[in-house]
Amino acid sequence: MNRIRKTLFILHSIVGIGGMAGGYGCLSDIYNPLGVPLSLLENSPFTSYFIPGLFLFGLIGLGNIVCSILVWRYSIVGTLASFALGFALSAWIVIQCVILQDIVALHIIFLVVGLVQTGLSLWQLIQSGDLAYLLRELIN
């Protein structure tokens with residue numbers, strides 16, 4: 001396994017554990033998770049933290065754990081999953097900042113992590129020749 005895949009494995013593992021912990025916190029107390037007031041959701045379509053917690057636990061948490069396993073075991077599938085989940089994490093953070101109308105240090109950190117996941121996985125696809133192969137297959 002090369003350094004890029006090892007880095008992706010570590011990043012997805014950390015994001016996955018953090019996502020599951022944060023999502024569990026939201027799901028265990030949907031009105032005041034981890035001391036976060038419900039008033040934070042005033043400008044959002046949500047009336048509780050249930051849906052954001054479910055998304056955080058399921059897609060960001062479990063999705064990244066599964067992705068870390070795929071990156072470790074299956075080169076092309078793992079790299080494609082890494083690209084998708086890095087993009088999903090970046091989008092999640094941007095949408096969260098827009099809805100909350102606030103940016104804190106954790107938003108910046110996880111946006112950078114999502115962009116790094118996306119960039120490294122795209123670089124891995126290019127370096128391995130898998131991107132060219134996939135594009136040829138899509139065209140034909």
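Quick caveat: nothing in here was measured; it's all calculated off a predicted structure.
Criterion: ILVMFWY side-chain heavy atoms under 4.5 Å apart, direct or through other members. Under it, Ile95 and Phe110 are not part of a common hydrophobic cluster. With hydrophobic clusters built from ILVMFWY side chains whose heavy atoms lie under 4.5 angstrom apart, Val94 shares a cluster with Val113. No path of Ile, Leu, Val, Met, Phe, Trp and Tyr side chains, each step under 4.5 Å between heavy atoms, connects Ile76 with Phe87, placing them in separate hydrophobic clusters. Note on Val116 and Leu111: same hydrophobic cluster, where clusters join Ile, Leu, Val, Met, Phe, Trp and Tyr whose side-chain heavy atoms are under 4.5 Å apart, directly or indirectly. In the hydrophobic clustering of this structure, Leu38 groups with Leu100; members are Ile, Leu, Val, Met, Phe, Trp, Tyr whose side-chain heavy atoms approach within less than 4.5 Å, directly or through other members.
The side-chain hydrogen bond (donor to acceptor under 3.5 Å, both in side chains) test applied to Gln101 returns Asn43, not counting sequence neighbours. Annotation: side chain to side chain contact (heavy atoms under 4.5 Å, CB included) contacts of Ile4 (sequence neighbours excluded): Asn2, Leu8, Leu120, Trp123, Gln124. Every residue two or more places apart in sequence or in another chain was checked for a side-chain hydrogen bond (donor to acceptor under 3.5 Å, both in side chains) with Thr7, and none qualifies. Remark: Val77 engages Leu70, Tyr74 in a side chain to side chain contact (heavy atoms under 4.5 Å, CB included) (not counting sequence neighbours). The side chain to side chain contact (heavy atoms under 4.5 Å, CB included) check on Ile126 picks up Leu122, Leu131, with sequence neighbours excluded.
Judged as a side-chain hydrogen bond (donor to acceptor under 3.5 Å, both in side chains), the pairs with a partner in residues 130-140 (not counting sequence neighbours) are, in order, Ser128-Asp130.
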Extract all donor-acceptor atom pairs below 3.5 Å that involve side chains of residues 9-30 and protein atoms in other chains or at least two apart in sequence.
| unit_1 | atom_1 | unit_2 | atom_2 | d |
| --- | --- | --- | --- | --- |
| His12 | ND1 | Asn64 | OD1 | 2.5 |
| His12 | ND1 | Gln117 | NE2 | 3.2 |
| His12 | NE2 | Ser82 | OG | 2.8 |
| Ser13 | OG | Phe9 | O | 2.8 |
| Ser28 | OG | Tyr24 | O | 3.1 |
| Ser28 | OG | Gly25 | O | 3.1 |
| Asp29 | OD1 | Tyr31 | N | 3.4 |
| Asp29 | OD1 | Asn32 | N | 3.3 |

Show which side-chain atoms of residues 45-59 pair as donor or acceptor with protein atoms under 3.5 Å away, not counting sequence neighbours.
| unit_1 | atom_1 | unit_2 | atom_2 | d |
| --- | --- | --- | --- | --- |
| Ser48 | OG | Phe50 | N | 3.2 |
| Tyr49 | OH | Pro37 | O | 2.7 |

